[in-house]
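So the structure is just underneath, and the comments pick up after that.
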Amino acid sequence: MRSRDFKQLIGNLARAAEPVAPRCSHAQECGGCAFQDRDYAGQVAAKRTALAQLYGDAGVLDAAGAAGFEVIASPDPYNYRTRMDYVATKGRFGLRARGKFNYIVELNECHLIPPASFAAAKAVWLAACELGIPDYNIRTHEGFLRYVVVRRSPTDELLLAAVTGAGAYEAELEQLAAIALAQPGVVSFHWLLNDTLTDLSFGTPQRHWGAATLGMSAGNIALEIGPNTFFQNNVHLIGRLLDDVRAAVAALGSPTVADLYGGVGTITLQLAPMAERVICVESVQESVDLARENATRSGAHNVAAVCQDVLPYLREQAPGGWEVAVADPPRIGLGPEVCAQLLRLRPARIVYISCNPLTQVEDLAALAPGYTLRSLRGYDMFPHTPHVESLAVLDRR
(Lines give C-alpha, C1' and ligand atoms only; values in the text may rest on other atoms or scores of the structure.)
Protein backbone atom coordinates (compact mmCIF):
# COMPACT_ATOMS: atom_id res chain seq x y z
CA MET A 1 0.00 0.00 0.00
CA ARG A 2 1.33 3.45 -0.86
CA SER A 3 1.54 6.21 1.74
CA ARG A 4 -1.09 8.25 -0.10
CA ASP A 5 -3.47 5.30 -0.18
CA PHE A 6 -2.98 4.55 3.52
CA LYS A 7 -3.63 8.16 4.52
CA GLN A 8 -6.64 8.22 2.22
CA LEU A 9 -7.97 5.07 3.88
CA ILE A 10 -7.67 6.65 7.33
CA GLY A 11 -9.22 9.84 5.97
CA ASN A 12 -12.21 8.07 4.47
CA LEU A 13 -12.82 6.14 7.68
CA ALA A 14 -12.39 9.22 9.87
CA ARG A 15 -14.73 11.28 7.70
CA ALA A 16 -17.42 8.68 8.34
CA ALA A 17 -17.20 9.43 12.09
CA GLU A 18 -19.71 11.65 13.89
CA PRO A 19 -19.32 15.37 12.98
CA VAL A 20 -18.45 17.70 15.84
CA ALA A 21 -17.81 21.43 16.09
CA PRO A 22 -14.07 22.06 15.66
CA ARG A 23 -12.30 24.22 18.21
CA CYS A 24 -10.26 26.08 15.59
CA SER A 25 -11.90 28.40 13.08
CA HIS A 26 -9.34 27.29 10.44
CA ALA A 27 -9.82 23.55 10.97
CA GLN A 28 -11.39 23.06 7.51
CA GLU A 29 -8.36 24.38 5.63
CA CYS A 30 -5.27 24.20 7.85
CA GLY A 31 -2.84 21.36 7.24
CA GLY A 32 -2.09 21.05 10.95
CA CYS A 33 -5.36 19.17 11.46
CA ALA A 34 -7.42 17.07 9.09
CA PHE A 35 -10.16 15.61 11.32
CA GLN A 36 -10.77 18.17 14.05
CA ASP A 37 -14.41 18.31 12.89
CA ARG A 38 -14.89 14.58 13.63
CA ASP A 39 -15.55 12.82 16.93
CA TYR A 40 -12.22 11.82 18.46
CA ALA A 41 -13.31 8.27 19.33
CA GLY A 42 -14.25 7.88 15.67
CA GLN A 43 -10.78 9.06 14.61
CA VAL A 44 -9.14 6.42 16.82
CA ALA A 45 -11.50 3.74 15.47
CA ALA A 46 -10.59 4.76 11.92
CA LYS A 47 -6.88 4.33 12.63
CA ARG A 48 -7.49 0.99 14.32
CA THR A 49 -9.41 -0.29 11.28
CA ALA A 50 -6.84 1.01 8.80
CA LEU A 51 -3.89 -0.46 10.71
CA ALA A 52 -5.61 -3.81 11.17
CA GLN A 53 -6.25 -3.93 7.42
CA LEU A 54 -2.65 -2.94 6.63
CA TYR A 55 -1.13 -5.54 8.94
CA GLY A 56 -3.71 -8.17 7.95
CA ASP A 57 -3.17 -7.70 4.21
CA ALA A 58 0.61 -7.99 4.75
CA GLY A 59 0.21 -11.21 6.72
CA VAL A 60 1.65 -9.65 9.87
CA LEU A 61 -1.61 -10.30 11.75
CA ASP A 62 -3.97 -13.22 11.27
CA ALA A 63 -7.75 -12.73 11.40
CA ALA A 64 -7.86 -13.05 15.19
CA GLY A 65 -4.96 -10.63 15.63
CA ALA A 66 -6.52 -8.08 13.30
CA ALA A 67 -9.85 -8.34 15.14
CA GLY A 68 -8.19 -7.76 18.50
CA PHE A 69 -5.81 -5.02 17.36
CA GLU A 70 -5.95 -1.86 19.46
CA VAL A 71 -4.90 1.76 19.13
CA ILE A 72 -4.29 3.64 22.39
CA ALA A 73 -6.02 7.02 22.31
CA SER A 74 -4.34 10.21 23.45
CA PRO A 75 -5.66 11.15 26.92
CA ASP A 76 -6.29 14.62 25.50
CA PRO A 77 -6.57 15.18 21.72
CA TYR A 78 -5.76 18.88 22.14
CA ASN A 79 -2.76 20.81 23.51
CA TYR A 80 -0.69 17.68 23.01
CA ARG A 81 2.30 18.62 20.90
CA THR A 82 5.77 19.20 22.30
CA ARG A 83 6.87 20.94 19.09
CA MET A 84 5.21 23.19 16.52
CA ASP A 85 6.85 24.80 13.49
CA TYR A 86 5.02 27.94 12.36
CA VAL A 87 5.79 29.28 8.90
CA ALA A 88 6.60 32.98 8.42
CA THR A 89 6.18 33.97 4.77
CA LYS A 90 4.71 36.75 2.67
CA GLY A 91 3.27 38.57 5.68
CA ARG A 92 1.58 35.49 7.10
CA PHE A 93 2.20 33.45 10.23
CA GLY A 94 0.70 30.00 10.41
CA LEU A 95 0.71 26.55 8.84
CA ARG A 96 0.51 25.25 5.32
CA ALA A 97 -2.91 24.79 3.83
CA ARG A 98 -4.10 21.24 3.39
CA GLY A 99 -2.77 20.01 0.06
CA LYS A 100 -1.32 23.42 -0.90
CA PHE A 101 2.37 23.63 -0.05
CA ASN A 102 2.79 27.25 -1.13
CA TYR A 103 -0.31 28.63 0.60
CA ILE A 104 -0.10 29.54 4.28
CA VAL A 105 -3.19 29.67 6.48
CA GLU A 106 -2.75 32.68 8.74
CA LEU A 107 -3.48 31.64 12.31
CA ASN A 108 -4.69 33.59 15.32
CA GLU A 109 -5.25 30.42 17.32
CA CYS A 110 -3.92 26.86 17.34
CA HIS A 111 -5.21 24.15 19.67
CA LEU A 112 -2.37 21.69 19.13
CA ILE A 113 -0.39 23.50 21.83
CA PRO A 114 -1.61 25.47 24.88
CA PRO A 115 -2.90 28.99 24.11
CA ALA A 116 -0.01 30.66 25.96
CA SER A 117 2.51 28.73 23.87
CA PHE A 118 0.90 29.84 20.62
CA ALA A 119 0.60 33.41 21.89
CA ALA A 120 4.34 33.52 22.65
CA ALA A 121 5.25 32.32 19.15
CA LYS A 122 2.84 34.77 17.50
CA ALA A 123 4.20 37.62 19.64
CA VAL A 124 7.73 36.87 18.42
CA TRP A 125 6.60 36.99 14.79
CA LEU A 126 4.73 40.27 15.31
CA ALA A 127 7.77 41.74 17.02
CA ALA A 128 9.98 40.59 14.14
CA CYS A 129 7.69 42.45 11.73
CA GLU A 130 7.90 45.62 13.84
CA LEU A 131 11.70 45.33 13.96
CA GLY A 132 11.85 45.20 10.18
CA ILE A 133 12.96 41.56 9.98
CA PRO A 134 11.59 40.35 6.64
CA ASP A 135 9.75 37.06 6.23
CA TYR A 136 11.18 34.44 3.90
CA ASN A 137 9.35 34.10 0.58
CA ILE A 138 9.01 30.38 -0.11
CA ARG A 139 8.50 31.00 -3.83
CA THR A 140 11.34 33.43 -4.60
CA HIS A 141 13.68 32.36 -1.75
CA GLU A 142 14.15 35.96 -0.68
CA GLY A 143 13.90 37.30 2.86
CA PHE A 144 15.14 36.12 6.24
CA LEU A 145 12.74 34.69 8.86
CA ARG A 146 11.55 31.24 7.75
CA TYR A 147 10.02 29.63 10.87
CA VAL A 148 9.21 30.32 14.47
CA VAL A 149 9.59 27.01 16.30
CA VAL A 150 8.00 26.26 19.66
CA ARG A 151 9.30 23.49 21.90
CA ARG A 152 7.19 23.00 25.01
CA SER A 153 7.75 20.95 28.16
CA PRO A 154 5.08 19.13 30.21
CA THR A 155 5.27 22.05 32.67
CA ASP A 156 4.69 24.49 29.80
CA GLU A 157 8.15 26.01 29.79
CA LEU A 158 9.08 27.07 26.25
CA LEU A 159 12.12 27.08 24.01
CA LEU A 160 11.54 29.29 20.97
CA ALA A 161 13.71 29.31 17.86
CA ALA A 162 13.90 31.62 14.86
CA VAL A 163 14.94 29.65 11.77
CA THR A 164 16.34 32.08 9.21
CA GLY A 165 18.03 32.39 5.88
CA ALA A 166 21.23 34.36 5.44
CA GLY A 167 21.16 38.09 6.20
CA ALA A 168 22.58 40.89 8.31
CA TYR A 169 19.99 41.11 11.09
CA GLU A 170 22.03 40.28 14.18
CA ALA A 171 21.14 43.51 15.97
CA GLU A 172 17.44 42.98 15.31
CA LEU A 173 17.67 39.36 16.52
CA GLU A 174 19.25 40.60 19.74
CA GLN A 175 16.18 42.77 20.30
CA LEU A 176 13.87 39.95 19.24
CA ALA A 177 15.49 37.62 21.78
CA ALA A 178 14.76 40.07 24.59
CA ILE A 179 11.12 40.25 23.51
CA ALA A 180 10.90 36.45 23.27
CA LEU A 181 12.32 35.92 26.76
CA ALA A 182 9.80 38.40 28.15
CA GLN A 183 6.92 36.16 27.04
CA PRO A 184 5.30 34.01 29.76
CA GLY A 185 6.97 30.63 30.08
CA VAL A 186 9.83 31.29 27.62
CA VAL A 187 13.18 30.22 29.07
CA SER A 188 15.24 30.04 25.89
CA PHE A 189 15.50 31.66 22.46
CA HIS A 190 17.69 30.24 19.66
CA TRP A 191 18.77 31.49 16.28
CA LEU A 192 19.12 28.67 13.74
CA LEU A 193 20.48 29.22 10.22
CA ASN A 194 19.08 27.40 7.18
CA ASP A 195 20.53 29.19 4.17
CA THR A 196 19.74 26.39 1.72
CA LEU A 197 16.83 26.12 -0.72
CA THR A 198 15.54 23.13 1.24
CA ASP A 199 12.47 23.94 3.29
CA LEU A 200 13.44 22.71 6.76
CA SER A 201 12.52 24.04 10.18
CA PHE A 202 15.90 22.95 11.55
CA GLY A 203 19.19 24.78 11.18
CA THR A 204 22.75 25.32 12.30
CA PRO A 205 22.83 26.97 15.74
CA GLN A 206 24.18 30.55 15.60
CA ARG A 207 23.37 31.95 19.04
CA HIS A 208 21.05 31.42 21.95
CA TRP A 209 19.74 33.66 24.68
CA GLY A 210 18.54 32.38 28.04
CA ALA A 211 18.89 28.68 28.75
CA ALA A 212 20.83 26.55 26.26
CA THR A 213 18.32 23.69 26.53
CA LEU A 214 14.76 22.96 27.58
CA GLY A 215 13.97 20.69 30.50
CA MET A 216 11.64 17.83 29.56
CA SER A 217 10.31 14.85 31.46
CA ALA A 218 9.39 11.38 30.26
CA GLY A 219 7.94 9.13 32.91
CA ASN A 220 10.05 9.77 36.01
CA ILE A 221 13.15 10.75 34.00
CA ALA A 222 14.24 14.38 33.59
CA LEU A 223 15.90 15.27 30.29
CA GLU A 224 17.30 18.26 28.48
CA ILE A 225 16.60 18.80 24.78
CA GLY A 226 17.92 21.32 22.27
CA PRO A 227 16.26 23.19 19.40
CA ASN A 228 17.13 20.51 16.83
CA THR A 229 16.88 17.31 18.84
CA PHE A 230 14.15 14.69 18.35
CA PHE A 231 11.58 14.12 21.07
CA GLN A 232 8.23 12.32 20.97
CA ASN A 233 5.54 14.82 20.07
CA ASN A 234 2.60 13.90 22.34
CA VAL A 235 3.09 15.10 25.88
CA HIS A 236 0.00 13.18 27.07
CA LEU A 237 0.74 9.75 25.55
CA ILE A 238 4.52 9.39 25.71
CA GLY A 239 4.32 7.95 29.23
CA ARG A 240 2.09 5.07 28.12
CA LEU A 241 4.34 4.26 25.16
CA LEU A 242 7.43 4.24 27.38
CA ASP A 243 5.65 2.06 29.96
CA ASP A 244 5.01 -0.53 27.26
CA VAL A 245 8.62 -0.39 26.03
CA ARG A 246 9.84 -0.89 29.61
CA ALA A 247 7.51 -3.83 30.12
CA ALA A 248 8.74 -5.49 26.92
CA VAL A 249 12.36 -5.19 28.08
CA ALA A 250 11.76 -6.01 31.75
CA ALA A 251 10.18 -9.34 30.76
CA LEU A 252 13.71 -10.57 29.94
CA GLY A 253 15.05 -9.87 33.42
CA SER A 254 18.07 -7.57 33.47
CA PRO A 255 19.31 -7.68 29.88
CA THR A 256 21.93 -5.76 27.97
CA VAL A 257 20.23 -3.38 25.53
CA ALA A 258 21.11 -1.48 22.37
CA ASP A 259 18.90 1.60 21.96
CA LEU A 260 19.15 2.30 18.23
CA TYR A 261 18.33 5.81 16.98
CA GLY A 262 18.49 6.76 20.65
CA GLY A 263 18.31 10.56 20.39
CA VAL A 264 18.90 12.35 23.70
CA GLY A 265 18.52 9.11 25.66
CA THR A 266 14.78 9.19 26.34
CA ILE A 267 14.34 5.41 26.07
CA THR A 268 17.88 4.62 27.23
CA LEU A 269 17.30 6.28 30.59
CA GLN A 270 13.92 4.58 31.01
CA LEU A 271 15.65 1.21 30.65
CA ALA A 272 18.84 1.93 32.61
CA PRO A 273 17.39 1.04 36.06
CA MET A 274 16.29 -2.42 34.88
CA ALA A 275 19.09 -3.28 32.46
CA GLU A 276 22.61 -4.53 33.02
CA ARG A 277 23.87 -2.08 30.40
CA VAL A 278 22.34 0.20 27.75
CA ILE A 279 24.13 1.50 24.65
CA CYS A 280 22.50 4.55 23.06
CA VAL A 281 23.37 4.72 19.34
CA GLU A 282 22.65 8.07 17.67
CA SER A 283 24.08 9.76 14.57
CA VAL A 284 23.59 13.43 15.61
CA GLN A 285 26.42 14.70 17.78
CA GLU A 286 24.24 17.34 19.49
CA SER A 287 21.85 14.60 20.63
CA VAL A 288 24.69 12.32 21.74
CA ASP A 289 26.17 15.11 23.86
CA LEU A 290 22.78 15.68 25.47
CA ALA A 291 22.29 11.93 26.02
CA ARG A 292 25.58 11.82 27.92
CA GLU A 293 24.66 14.87 29.97
CA ASN A 294 21.20 13.43 30.68
CA ALA A 295 22.73 10.13 31.80
CA THR A 296 25.16 11.90 34.12
CA ARG A 297 22.40 14.08 35.52
CA SER A 298 20.19 11.07 36.23
CA GLY A 299 23.00 9.04 37.79
CA ALA A 300 22.80 6.26 35.19
CA HIS A 301 26.30 4.73 35.30
CA ASN A 302 25.45 1.73 33.10
CA VAL A 303 24.83 3.85 29.98
CA ALA A 304 27.11 4.54 27.03
CA ALA A 305 26.23 6.93 24.18
CA VAL A 306 27.81 6.26 20.77
CA CYS A 307 27.81 8.82 17.95
CA GLN A 308 27.46 6.67 14.83
CA ASP A 309 24.95 5.77 12.16
CA VAL A 310 23.08 2.62 13.10
CA LEU A 311 24.07 0.52 10.09
CA PRO A 312 27.87 0.84 10.42
CA TYR A 313 27.53 0.40 14.18
CA LEU A 314 25.69 -2.88 13.70
CA ARG A 315 28.19 -4.08 11.12
CA GLU A 316 30.96 -3.72 13.71
CA GLN A 317 29.16 -5.80 16.35
CA ALA A 318 29.51 -9.51 17.03
CA PRO A 319 26.50 -11.71 17.88
CA GLY A 320 25.78 -11.87 21.58
CA GLY A 321 26.83 -8.31 22.38
CA TRP A 322 23.39 -7.45 23.74
CA GLU A 323 20.14 -9.33 24.33
CA VAL A 324 17.60 -6.67 23.35
CA ALA A 325 17.53 -4.19 20.48
CA VAL A 326 15.17 -1.24 20.86
CA ALA A 327 14.70 0.73 17.65
CA ASP A 328 12.85 4.01 17.03
CA PRO A 329 13.90 4.90 13.46
CA PRO A 330 12.75 7.85 11.35
CA ARG A 331 9.91 7.47 8.84
CA ILE A 332 12.07 5.54 6.36
CA GLY A 333 12.13 2.65 8.83
CA LEU A 334 14.97 0.22 9.49
CA GLY A 335 15.46 -0.78 5.86
CA PRO A 336 16.71 -4.11 4.47
CA GLU A 337 20.37 -3.62 5.45
CA VAL A 338 19.68 -2.88 9.12
CA CYS A 339 17.20 -5.78 9.21
CA ALA A 340 19.88 -8.06 7.73
CA GLN A 341 22.31 -7.03 10.46
CA LEU A 342 19.72 -7.67 13.17
CA LEU A 343 19.14 -11.14 11.70
CA ARG A 344 22.90 -11.73 11.86
CA LEU A 345 23.27 -10.44 15.41
CA ARG A 346 20.17 -12.31 16.64
CA PRO A 347 19.21 -10.43 19.82
CA ALA A 348 16.65 -12.36 21.84
CA ARG A 349 14.07 -9.58 21.47
CA ILE A 350 13.53 -6.58 19.18
CA VAL A 351 11.29 -3.76 20.42
CA TYR A 352 10.41 -1.68 17.35
CA ILE A 353 8.71 1.73 17.63
CA SER A 354 7.52 3.12 14.30
CA CYS A 355 6.08 6.46 13.19
CA ASN A 356 5.37 4.96 9.74
CA PRO A 357 3.47 1.64 9.74
CA LEU A 358 4.06 1.25 5.99
CA THR A 359 7.83 0.93 6.39
CA GLN A 360 7.36 -1.08 9.56
CA VAL A 361 5.34 -3.67 7.63
CA GLU A 362 8.22 -4.06 5.18
CA ASP A 363 10.73 -4.39 8.01
CA LEU A 364 8.62 -6.98 9.84
CA ALA A 365 8.55 -9.04 6.66
CA ALA A 366 12.34 -8.77 6.37
CA LEU A 367 12.78 -9.88 9.99
CA ALA A 368 10.26 -12.75 9.75
CA PRO A 369 12.85 -15.46 8.86
CA GLY A 370 14.43 -15.01 12.29
CA TYR A 371 11.70 -13.51 14.47
CA THR A 372 8.14 -14.15 15.58
CA LEU A 373 5.82 -11.23 16.29
CA ARG A 374 4.87 -11.31 19.96
CA SER A 375 2.71 -8.18 20.17
CA LEU A 376 1.66 -5.21 18.08
CA ARG A 377 -0.19 -2.07 19.17
CA GLY A 378 -0.97 1.40 17.82
CA TYR A 379 -0.72 4.76 19.59
CA ASP A 380 -2.54 7.89 18.46
CA MET A 381 0.36 10.26 19.01
CA PHE A 382 -1.05 12.73 16.45
CA PRO A 383 -4.80 13.29 16.98
CA HIS A 384 -6.73 15.00 14.15
CA THR A 385 -4.16 13.81 11.57
CA PRO A 386 -3.71 10.60 9.51
CA HIS A 387 -0.45 9.84 11.34
CA VAL A 388 -0.19 7.02 13.87
CA GLU A 389 2.60 5.37 15.87
CA SER A 390 2.99 1.64 16.49
CA LEU A 391 5.00 -0.68 18.73
CA ALA A 392 6.00 -4.19 17.67
CA VAL A 393 7.72 -6.70 19.97
CA LEU A 394 9.52 -9.57 18.23
CA ASP A 395 11.16 -12.66 19.73
CA ARG A 396 13.93 -14.70 18.17
CA ARG A 397 12.73 -17.99 16.70
Thr268 vs Asp259, test: side-chain hydrogen bond (donor to acceptor under 3.5 Å, both in side chains). Steps then yes/no. CA-CA 6 Å; Thr268 292; Asp259 179 14; 2.6 Å; yes
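- Surrounding CD of Glu316 are more than 12 heavy atoms belonging to other residues, nucleotides or ligands, all under 6.0 Å away.
- In the hydrophobic cluster analysis, where Ile, Leu, Val, Met, Phe, Trp and Tyr join through side-chain heavy atoms closer than 4.5 angstrom, Leu200 is grouped apart from Val148.
- Under the ring pair (Phe, Tyr, Trp, His ring centres under 6.0 Å) rule, Phe118 has a single partner from Tyr78, Tyr86, Trp125, which is Tyr86.
- Between Tyr371 and Leu342, the closest heavy-atom pair is OH-O, 3.8 Å.
- Contact check for Arg83 versus Arg152: no side-chain heavy atoms found under the 4.5 Å cut-off.
- Leu260 contributes atom CG, which lies 11.5 Å from atom OG of Ser283 (distance to the nearest 0.5 angstrom).
- The shortest distance between side-chain heavy atoms of Phe69 and Val71 falls below 4.5 Å.
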Under the criterion side-chain hydrogen bond (donor to acceptor under 3.5 Å, both in side chains), I'd like the reasoning laid out for Asn194 against Tyr136: C-alpha separation, chi angles, the key distance, then a yes or no. CA-CA 11 Å; Asn194 173 13; Tyr136 186 86; over 6 Å; no
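- Cation-pi geometry between Arg374 and Tyr352 is not satisfied (NZ or CZ under 6.0 Å from the ring centre, within 45° of the ring normal).
- The hydrophobic cluster containing Val324 does not contain Ile350, counting ILVMFWY residues as joined when their side-chain heavy atoms lie under 4.5 angstrom apart, directly or transitively.
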Test side chain to side chain contact (heavy atoms under 4.5 Å, CB included) on Leu214 and Val187; report intermediate values, then the result. CA-CA 8 Å; Leu214 176 67; Val187 298; 3.9 Å; yes
Please lay out, stage by stage, how Arg240 and Asp243 fare under the test salt bridge (charged side-chain N to carboxylate O under 4.0 Å, His left out). CA-CA 5 Å; Arg240 171 59 192 271; Asp243 285 346; over 6 Å; no
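- Sorted by first and then second residue, the side-chain hydrogen bond (donor to acceptor under 3.5 Å, both in side chains) pairs with a member in residues 109-123 read Ser25-Glu109, Asn108-Lys122, Glu109-His111; sequence neighbours excluded.
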Would Gln308 and Glu282 count as a side-chain hydrogen bond (donor to acceptor under 3.5 Å, both in side chains) here? Give the steps. CA-CA 6 Å; Gln308 194 171 4; Glu282 168 58 47; over 6 Å; no
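- Side-chain contact check for Leu290 versus Thr213: some heavy-atom pair is nearer than 4.5 Å.
- Nearest heavy atom pair, residue Asp85 against residue Ser201, reads OD2-OG, 2.6 Å.
- The minimum heavy-atom distance between Asp395 and Arg349, with the atom names listed, is OD1-NE, 2.7 Å.
- Tracing side-chain contacts under 4.5 Å through hydrophobic residues (I, L, V, M, F, W, Y), one never reaches Val281 starting from Leu269; they form parts of separate clusters.
- Side-chain contact between Arg81 and Asn234: absent, with no pair of heavy atoms (C-beta onward) separated by less than 4.5 Å.
- With values rounded to the nearest 0.5 angstrom, Leu394 atom CG is found 8.5 Å from Leu376 atom CG.
- Within the 3.5 Å criterion, the main-chain N or O of Ile225 finds no donor-acceptor partner in the side chain of Thr229.
- Under the 4.5 Å side-chain heavy-atom criterion for ILVMFWY residues, no single connected hydrophobic cluster contains both Leu54 and Leu391.
- Judged as a salt bridge (charged side-chain N to carboxylate O under 4.0 Å, His left out), the pairs with a partner in residues 27-41 (not counting sequence neighbours) are, in order, Arg15-Asp37.
- Taking CD of Glu170 as the reference point, atom CG of Leu176 lies at 13.5 Å (rounded to 0.5 Å).
- Looking at heavy atoms from C-beta onward, Met216 lies out of side-chain contact with Val264 at the 4.5 angstrom threshold.
- Residues Thr140 and Glu142 have side chains that bring a donor and an acceptor to within less than 3.5 angstrom of each other.
- In terms of the ring-ring contact (aromatic ring centres under 6.0 Å, His included) criterion, Tyr261 has no residue partners (sequence neighbours excluded).
- Between Leu173 and Gln175 the shortest side-chain heavy-atom distance does not fall below 4.5 Å.
- Using a 4.5 Å cut-off on side-chain heavy atoms (C-beta onward), Leu237 and Tyr80 make no contact.
- Minimum heavy-atom separation, Leu193 to Gly165: CD1-O, 3.3 Å.
- For the pair Gln341 (side chain) and Glu337 (backbone), a donor-acceptor distance under 3.5 Å is absent.
- Here the straight-line distance linking atom OG1 of Thr256 with atom CG of Leu252 works out to 10.0 Å at 0.5 Å rounding.
- Taking all atoms of both residues into account, the shortest heavy-atom contact from Ala50 to Leu13 is N-CD1, 3.9 Å.
- With sequence neighbours excluded, the residues forming a ring-ring contact (aromatic ring centres under 6.0 Å, His included) with Trp209 are Phe189, listed by chain and number.
- Hydrophobic clustering (ILVMFWY, side-chain heavy atoms < 4.5 Å, transitive): Leu334 and Val306 are in one cluster.
- Counted within 6.0 Å of CZ on Arg397, heavy atoms from surrounding residues, nucleotides or ligands total more than 12; the atom is thus considered enclosed.
- To the nearest 0.5 Å, atoms CZ (Arg277) and CG (Leu271) are separated by 13.5 Å.
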Run His190 and Asn228 through side chain to side chain contact (heavy atoms under 4.5 Å, CB included) and show every step you take. CA-CA 10 Å; His190 284 249; Asn228 287 318; over 6 Å; no
Begin from the C-alpha positions of Arg96 and Tyr103 and carry the test side chain to side chain contact (heavy atoms under 4.5 Å, CB included) through to its verdict. CA-CA 6 Å; Arg96 301 187 191 284; Tyr103 186 81; over 6 Å; no
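- Residue pairs satisfying the side-chain hydrogen bond (donor to acceptor under 3.5 Å, both in side chains) criterion with at least one member in residues 379-391, sequence neighbours excluded, are listed as follows: Tyr40-Asp380, Gln43-His384, Lys47-Asp380, Tyr55-Ser390, Gln232-Glu389, Asp244-Tyr379, Gln360-Ser390.
- The structure places CZ of Arg151 at 7.5 Å from CG of Leu159, a figure rounded to the nearest 0.5 Å.
- Closest approach of Cys110 and Leu107 over heavy atoms only: CB-CD1, 4.4 Å.
- Under a 3.5 Å cut-off, the side chain of Asn294 and the backbone N or O of Glu224 do form a donor-acceptor pair.
- With sequence neighbours excluded, no residue forms a ring-ring contact (aromatic ring centres under 6.0 Å, His included) with Phe231.
- Tested against Val338 for a side chain to side chain contact (heavy atoms under 4.5 Å, CB included), the candidates Leu314, Leu367, Asp309, Asp363 yield a single pass: Leu314.
- Between the side chain of His208 and the backbone N or O of Ser188 there is no donor-acceptor pair closer than 3.5 Å.
- Side-chain atoms of Pro227 and Val149, non-hydrogen and from C-beta on, never get closer than 4.5 Å to each other.
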Between Trp322 and Val257, does a side chain to side chain contact (heavy atoms under 4.5 Å, CB included) hold up when you go through it step by step? CA-CA 5 Å; Trp322 21 264; Val257 182; 5.9 Å; no
